[in-house]
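As structure tokens, the structure follows; a few thoughts come after it.
Lettering of chains follows the sequences in order, A, B, ..., and the numbering in each one begins at 1.
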Amino acid sequence: MEEDDLKYDELNLAEAKAIQNELRERTRIEPLQNEITTIAGADISLNRFSEVIFAGIVMLRYSDMQPIAYSMVESRTSFPYVPGFLAFREVPALVQALEQMSVKPDVIMVDGHGIAHPRRMGIAAHFGALTGMATMGCAKNILFGKWQEPGIQKGEFSPIMTKEEIIGYAFRSKLKTNPVFVSPGNKLSLQNSLDIMQRCSGSYRLPEPTRRAHDFVNLFRTGKLESGYHELNPTLLF
DNA sequence: GCGACAG
DNA sequence: ATCTTGTCGC
């Protein structure tokens, strides 16, 4: 009855790679269709050495970056962290978190890469292919591709390149701090990912959706937030 | 063959 | 990712 959940734990890397190649056919890197009203940050949190994973999606109002809802899920993973295969460890829980949201965000910003990946299938692309949502990735470290240090001013950026194409950008989200790495995942373009990153940059290195998701999911992991879908500040809703 | 390597 | 105090720099 309740056996529709993703199960990646038993896969070996060859099988995982085959799945990435299949899912890549479902991704679309193209200009966003609709206007953005809400954006969400997606992140996970774990206790050291534990297979229990806490996943969270926090939805914010795009106009002022105020959190308006969040979805928290507690699950398990045995798939290890392997660079290039992060999605197989974290995506199942994120899918659960998304499924229980009665209102879906227009765009989801995932903590990790989009197409800036050896097979163009970073966790944001994988999540987008699976759910059909518009997604983009924002990572704190590079995984794949060549890049040059962008200018020191906030908002400056430089491309992440493969031998022949741009797959994302190193973006200076804060003065005198290391850049973050952004790339589209699904249903939005390279330019869209750059514009959205710009709009989501506040006073911290991490963009608001990702930063909020990280904060919320840690509160959840430490027992200060309940699981499930919750809306907040109903009075401030647009 | 060697080094790099999201969270 | 997570465990943690102080500390260096702006």
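Contact annotation: the side chain of A/Leu60 never approaches that of A/Pro105 to less than 4.5 Å [non-hydrogen atoms, C-beta and beyond]. No side-chain heavy atom of A/Val58 sits under 4.5 Å from any side-chain heavy atom of A/His214. The shortest side-chain heavy-atom distance between A/Glu15 and A/Tyr8 does not fall under the 4.5 Å cut-off. Residues A/Glu74 and A/Phe220 have side chains in contact (heavy-atom distance under 4.5 Å, counting atoms from C-beta outward). Side-chain atoms of A/Pro83 and A/Leu143, non-hydrogen and from C-beta on, do get closer than 4.5 Å to each other.
If you measure from atom NE2 of A/His126 to atom P of B/dA6, you get 18 Å, rounded to the nearest angstrom. In this structure, A/Leu94 places its CG atom 11 Å from C1' of B/dG7, rounding to the nearest Å. Following rounding to the nearest Å, A/Ile44 (CD1) and C/dT2 (P) show an atom-to-atom distance of 7 Å. Whole-Å rounding puts the A/Phe54 CZ to B/dG7 C1' distance at 16 Å. Taking atom CD1 on A/Ile142 and atom P on B/dA6, their separation rounds to 10 Å, with Å as the unit. In this structure, the CH2 atom of A/Trp147 is 10 Å from the P atom of B/dC5, given to the nearest Å. Note: CG (A/Leu86) to C1' (B/dG7) measures 5 Å, nearest angstrom. In this structure, A/Glu90 places its CD atom 9 Å from P of B/dG7, rounding to the nearest Å.
For A/Lys224, the side-chain contact (heavy atoms from CB on, under 4.5 Å) partners at least two apart in sequence or on another chain are A/Leu219, A/Thr222. Applying the side chain to side chain donor-acceptor pair (under 3.5 Å) test to A/Glu51 and every residue at least two apart in sequence or in another chain returns nothing. With sequence neighbours excluded, the residues forming a side-chain contact (heavy atoms from CB on, under 4.5 Å) with A/Asn21 are A/Lys17, A/Arg24, A/Arg119, listed by chain and number. Scored by the side-chain contact (heavy atoms from CB on, under 4.5 Å) test, A/Glu99 finds A/Val95 as partners (sequence neighbours excluded). Taking A/Ser78 as the reference, A/Asp9 meet the side chain to side chain donor-acceptor pair (under 3.5 Å) condition, with sequence neighbours excluded.
Counting any heavy atom pair closer than 4.0 Å across all strands shown, A/Gly137 reaches no nucleic acid atom. Across all strands shown, A/Leu46 has heavy atoms under 4.0 Å from sugar-phosphate atoms exclusively, and none from any base. Residue-level contact check: A/Ser50 touches neither bases nor backbone, having no heavy atom under 4.0 Å from any strand. At the heavy-atom level, A/Leu175 lies nowhere under 4.0 Å from the strands shown.
Between A/Asp43 and A/Arg212 there is no salt bridge, since no side-chain nitrogen of the basic residue lies less than 4.0 Å from a carboxylate oxygen of the acidic one.
For C/dC3, the OP1/OP2 oxygens have a side-chain nitrogen or oxygen of A/Arg221 closer than 4.0 Å. Close to B/dA6, at under 4.0 Å from its OP1 or OP2, lies no side-chain N or O of A/Lys140. For A/Asn141, a side-chain nitrogen or oxygen approaches OP1 or OP2 of B/dG7 to under 4.0 Å.
Side-chain contact of A/Ser45 with A/Arg221: a donor-acceptor pair under 3.5 Å is present, judged by distance alone.
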Check nucleotides 8-10 of chain C for protein N or O atoms closer than 3.5 Å to its own N or O atoms and list the pairs.
unit_1: C/dC10; atom_1: O3'; unit_2: A/Lys176; atom_2: NZ; d: 2.9

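For residues 144-160 of chain A, the set of pairs meeting the side-chain hydrogen bond (donor to acceptor under 3.5 Å, both in side chains) definition, not counting sequence neighbours, comprises A/Glu149-A/Arg172.
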Pair pattern of DNA chain C in dot-bracket, where unpaired bases get dots and | marks partners in another strand, Watson-Crick or G-U under 3.5 angstrom: ..........
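Relative orientation of the A/His126 and A/Phe88 rings is perpendicular, given thresholds of 30° and 60° on the angle between their planes. Relative orientation of the A/Tyr169 and A/Phe157 rings is perpendicular, given thresholds of 30° and 60° on the angle between their planes.
Between the A/Ser71 side chain and the A/Ala97 main chain, a donor and an acceptor come within less than 3.5 Å of each other.
Contacts between residues 198-220 of chain A and DNA chain C, counted as heavy-atom distances below 4.0 Å, involve A/His214, A/Asn218. Annotation: proximity of residues 104-116 of chain A to DNA chain B (heavy atom, distance under 4.0 Å) is found for A/Asp111, A/Gly112, A/His113, numbered in ascending order. Residues from residues 69-83 of chain A placing a heavy atom under 4.0 Å of any atom in DNA chain B, listed by number, are A/Tyr81, A/Pro83.
Both key distances under 3.5 Å define a Watson-Crick or G-U pair, and DNA chain B has no stretch of 3 or more such consecutive pairs.
With A/Pro207 as the partner, the side-chain contact (heavy atoms from CB on, under 4.5 Å) test is satisfied by one option alone out of A/Met136, A/Met197, A/Gln198: A/Met197.
Ring pair A/Phe144/A/His117: centre-to-centre distance not below 6.0 Å.
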Would A/Thr162 and A/Arg120 satisfy side chain to side chain contact (heavy atoms under 4.5 Å, CB included), going step by step from the backbone distance to the final call? CA-CA 11 Å; A/Thr162 64; A/Arg120 309 296 182 274; 3.3 Å; yes
